[in-house]
Amino acid sequence: MPPAPWPGSPAGEEPRQRLHPLSPALHGAKSLVVVIAGLSWSTLSRVGFGWFVAMATVLALGATVLAVVSWYNTGYHVVGRELRVHEGLLWRRTRAIPLERLQAVEVVRPLLAQLTGLAELRLEVVGGGKTEAPLAYLGVAEAAALRQRLLALAGRAPAPAPQPVAEHAAADQVAPFPPGRLLHAVVNRDLLVSQLLTPQAFFLPFGVAFVVAQFLSQGSWSFIAVASTLTAMAGVLLQPVRRVLDDWNFRLARDDGTLRIRNGLLETRVQTVPLHRVQTVGVTWPLLWRLKGWLRLRLEVAGYSSGEPDDRNRPDRLLPVGDLDTGELVVAEVLPGVRLTALATTPPPPRARWLRPLSRRAVGAGLDERVFAARSGLLTRQLAIVPYARIQSVRVTQGPAQRRLGLATVHADTAGGSGAAAHDRDLAEAWWLAAELTARARAARQVG
């Protein structure tokens, strides 16, 4: 069902659209979970099951009524090159989002939204402190059409005229492959194995064996001991399980100048990342993954909210797990002309071992024809790749120990990201490297 138009829109202006009519029900269901969690088990034991259900029902109905009122007074429309979101009953607010500042658009489908055929549209804009104006919820087809229209306007391409959305658009949105040319589909079996090859999963059996040994030696097993053990196990496994759920059915495709990413099991996400916004490509080789020759790729995107409380909202996934050949293929698509295996780096001078007695050989830096590469990490190896055109500033820093040894660190900073750093270089080399990076960055921006 398409959103209902807003009554009484000004003449000559595109009418405002409301969110999907089921939106209050989904917000009310989420509020019910929060209410039950807030009442806690102690309340249940004091008032009894009947009163507990009554209290939860009253509070949930109140939250649903508020959600209905909020839905009735929330609307959105596109005016020129702005997306305007209107909301509020007593204190009305209008947010105007300039589409030229648009960084990425996501179609997110939490579990309840998947069950009801809805989706949430999230926008990321330059300089935003968090994801901007999430529209929750729209029909899947409506969300897909609105995303395409906003991206067209943000790319200064002619925007399609508003028209009814075909039913097959919804099917396209929930299909296992995102639109565009498919670059890679992660095998779920590899994803599961990769999370088993993590320190948390590797040491978990030893922790369980230790607890069981204590139980056998003491001959008692109290409720507190069981609860503590289960809580500790859940905390240890939280990150690997979350990564599996987030990256399940990961699909990466390219559509002209954008990356299309689809991933998630309980909450599916469809992200669109403009390639010209990519600042840095990070490559990681975890210690246990190197037994199978696997690596992980991450992105840094210009202007994306570094302060976003939920790191899953950041479009930084490029390859959750894959072999070297797959990594090289994906890097070549994101950074044309760059070969991952051809990036040469040199270590710091021998006297840097006083600062890095174990990891001197593990760090290094090098200048490629198109990018600056810097590696680091002893157990978990990392490589940061920064195109010269994305370098915003170059810094040379020296600590007290570095000054005594005649060393310095060169930082290549990018827009809103960590960039890359050449650690503990000879002082003369560091100043030469800083000047060379500045010159190459200037030349690359002029060509671009």
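Atom set for the values below is all heavy atoms of this structure, side chains included, hydrogens, waters and symmetry mates excluded.
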Minimum-distance pair of heavy atoms, taken over all atoms of Pro347 and Arg361
CG-NH1, 3.8 Å
Would you check if the side chain of His411 reaches a backbone N or O of Arg395 as a donor-acceptor pair within less than 3.5 Å?
no
Quick check against the 3.5 Å criterion: does Asn188 have a side-chain atom that pairs as donor or acceptor with the backbone of Asn249?
yes
Are Ile385 and Asp368 close enough that some pair of their side-chain heavy atoms sits under 4.5 Å apart?
no
Quick one: does His27's side chain have a donor or acceptor within less than 3.5 Å of a partner on Leu66's backbone?
no
What closest approach, in Å, do Leu319 and His184 show between heavy atoms, and which atom pair accounts for it?
CD1-CD2, 3.4 Å
No-hydrogen, no-angle side-chain donor-acceptor test under 3.5 Å, Thr258 and Arg277
no
Atom CZ of Arg317 and atom CZ of Arg298: how far apart are they, to the nearest 0.5 Å?
5.5 Å
Sub-3.5 Å donor-acceptor pair from the side chain of Arg260 to the main-chain atoms of Arg251, do we have one?
no
Note: Ala384 and Ala420 closest approach over all heavy atoms is CB-CB, 3.8 Å
Nearest atoms (heavy-atom pairs only) where Phe372 meets Ala365:
CE1-CB, 4.0 Å
Show your reasoning for whether side chain to side chain contact (heavy atoms under 4.5 Å, CB included) applies to Asp247 and Val186.
CA-CA 9 Å; Asp247 294 331; Val186 172; over 6 Å; no
Any donor-acceptor pair under 3.5 Å from Arg290 side chain to Trp285 backbone
yes
Using a 4.5 Å cut-off on heavy atoms from C-beta on, say whether the side chain of Phe250 contacts that of Leu191.
no
Rounded to the nearest 0.5 Å, what separates atom CG in Leu407 from atom CD in Gln398?
8.0 Å
What's the verdict on side chain to side chain contact (heavy atoms under 4.5 Å, CB included) for Leu112 and Tyr137, showing C-alpha distance, side-chain angles and the deciding distance?
CA-CA 11 Å; Leu112 287 177; Tyr137 294 85; over 6 Å; no
Sidechain-backbone polar pair: Thr438 side chain, Ala434 backbone, donor-acceptor under 3.5 Å
yes
Ignoring hydrogens and geometry, is there a side-chain-to-backbone donor-acceptor pair from Arg81 to Leu153 under 3.5 Å?
yes
If you look at every heavy atom in Thr345 and Gly364, which pair is closest and at what distance?
CB-C, 4.0 Å
Measuring from Arg147:CZ to Gln271:CD, what's the distance to the nearest 0.5 Å?
10.0 Å
Heavy-atom distance under 4.5 Å between the side chains of Pro320 and Arg243, does that happen here?
no
How long is the straight-line distance from CG of Leu295 back to CG of Asp323, given to the nearest 0.5 Å?
7.5 Å
Does any N or O in the side chain of Gln114 come within less than 3.5 Å of the main-chain N or O of Leu266, such that one atom is a donor and the other an acceptor?
yes
Close side-chain approach of Arg375 and Arg381, heavy atoms under 4.5 Å
no
Closest non-hydrogen atoms of Val78 and Gly80, given as atom of the first, atom of the second and distance, are CG1-O, 3.7 Å
Cation-pi geometry met for Arg18 and Tyr72 (6.0 Å, 45°):
yes
Here the gap from Gln148 atom CD to Leu151 atom CG, rounded to the nearest 0.5 Å, amounts to 8.0 Å
Worked check of side chain to side chain contact (heavy atoms under 4.5 Å, CB included) between Tyr388 and Val447
CA-CA 11 Å; Tyr388 295 127; Val447 172; over 6 Å; no
Verify, without hydrogens or angle tests, whether Glu120 (side chain) and Val108 (backbone) share a donor-acceptor contact under 3.5 angstrom.
no
Any carboxylate oxygen within less than 4.0 angstrom of a Lys/Arg side-chain nitrogen, looking at Glu14 and Arg149?
yes
Measuring only between side-chain heavy atoms, which start at C-beta, is Thr116 closer than 4.5 Å to His20?
no
If only atom types and distance count, is the side chain of Asn73 paired as donor or acceptor with the main-chain N or O of Val69 below 3.5 Å?
yes
Starting from the C-alpha separation in whole Å, work towards a yes-or-no answer on side chain to side chain contact (heavy atoms under 4.5 Å, CB included) for Leu299 and Leu259.
CA-CA 11 Å; Leu299 292 174; Leu259 291 175; 4.0 Å; yes
Value for CG (Leu297) from CG (Leu340), rounded to nearest 0.5 Å, stands at 7.5 Å
Pairwise side-chain contact, Trp289 with Arg296, heavy-atom cut-off 4.5 Å (strictly under)
yes
Is the shortest heavy-atom distance from the side chain of Val321 to the side chain of Val193 under 4.5 Å?
no
Any side-chain heavy atom of Leu121 within less than 4.5 Å of one from Val107?
yes
